[in-house]
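Some notes on the structure that comes next.
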Amino acid sequence: MSALPRPILTPKGSHMADPLPLLRTADQILAQFDNGQFLHDFLLEHQELVVAMHTHQMAHGGKAKGKVVITLDYILGKQLTITAEAEAKFTKPKTPKAAATLWTTADGDLTPQNPQQPSLPGIRDVTPTAQAMRT
């Protein structure tokens, strides 16, 4: 794919020697907001998102999902000037919820062992014993 030609425009009736600078790429447009601070902050937050996704995948495996939404709001005034606002929202991967499989007893308690499963003779129980909570 070839690059778009860069037309040189001068306002009608103008005798200016210098052509108008044109914003042709997304990064050129995004660099206009807050004198370049928006693009700078966007790139830092984007890097943080990629690191968060990498860390999430290494810790939890599987796929790590992230999302970036850039919103540009434009208002065109009567003098053909555009007032623009930019916002970027980043969504980092969610940590999986903690999970456990427990069984209930007839007394309303929870146990990590299935009460319906008979225990085998000669098998040593390695279930941790209940310990007093420290206060």
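Each side-chain hydrogen bond (donor to acceptor under 3.5 Å, both in side chains) pair with one or both residues in residues 41-58, not counting sequence neighbours, appears once here: Q37-D41. Residue pairs meeting the ring-ring contact (aromatic ring centres under 6.0 Å, His included) criterion with at least one partner in residues 70-121, sequence neighbours excluded, are F42-F90.
In terms of the side chain to side chain contact (heavy atoms under 4.5 Å, CB included) criterion, K94 has no residue partners (sequence neighbours excluded). A59 pairs by the side chain to side chain contact (heavy atoms under 4.5 Å, CB included) definition with nothing, not counting sequence neighbours. Applying the side chain to side chain donor-acceptor pair (under 3.5 Å) criterion to D27, with sequence neighbours excluded, gives T25. Remark: D34 engages no residue in a side chain to side chain donor-acceptor pair (under 3.5 Å) (not counting sequence neighbours). With sequence neighbours excluded, the residues that form a side chain to side chain contact (heavy atoms under 4.5 Å, CB included) with L43 are L39.
Of the inter-residue distances, the one linking I70 atom CD1 with K89 atom NZ reads 13.0 Å to the nearest 0.5 angstrom.
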For residues 104-114, which side-chain N or O atoms pair as donor and acceptor with protein atoms under 3.5 Å away, sequence neighbours left out?
from, atom 1, to, atom 2, distance (Å)
T105, OG1, D107, N, 3.4
T105, OG1, D109, N, 3.1
T111, OG1, Q113, N, 3.3
Q113, NE2, T127, OG1, 3.2
N114, OD1, Q116, N, 2.8

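Cluster annotation: L23 is connected to L76 through the hydrophobic network of ILVMFWY side chains, with a link wherever side-chain heavy atoms come within less than 4.5 Å. Residues M53 and V69 do not share a hydrophobic cluster, defined by chaining ILVMFWY side chains whose heavy atoms lie under 4.5 Å apart. Follow the hydrophobic side-chain contacts under 4.5 Å out from L30 and you never reach L44; the two are in separate clusters.
More than 12 heavy atoms of other residues, nucleotides or ligands shown are found within 6.0 angstrom of CD on Q32.
Closest of all the heavy-atom pairs between P93 and L49 is CD-CD1, 4.5 Å. Shortest non-hydrogen contact noted between Q28 and L22 is OE1-O, 4.0 Å.
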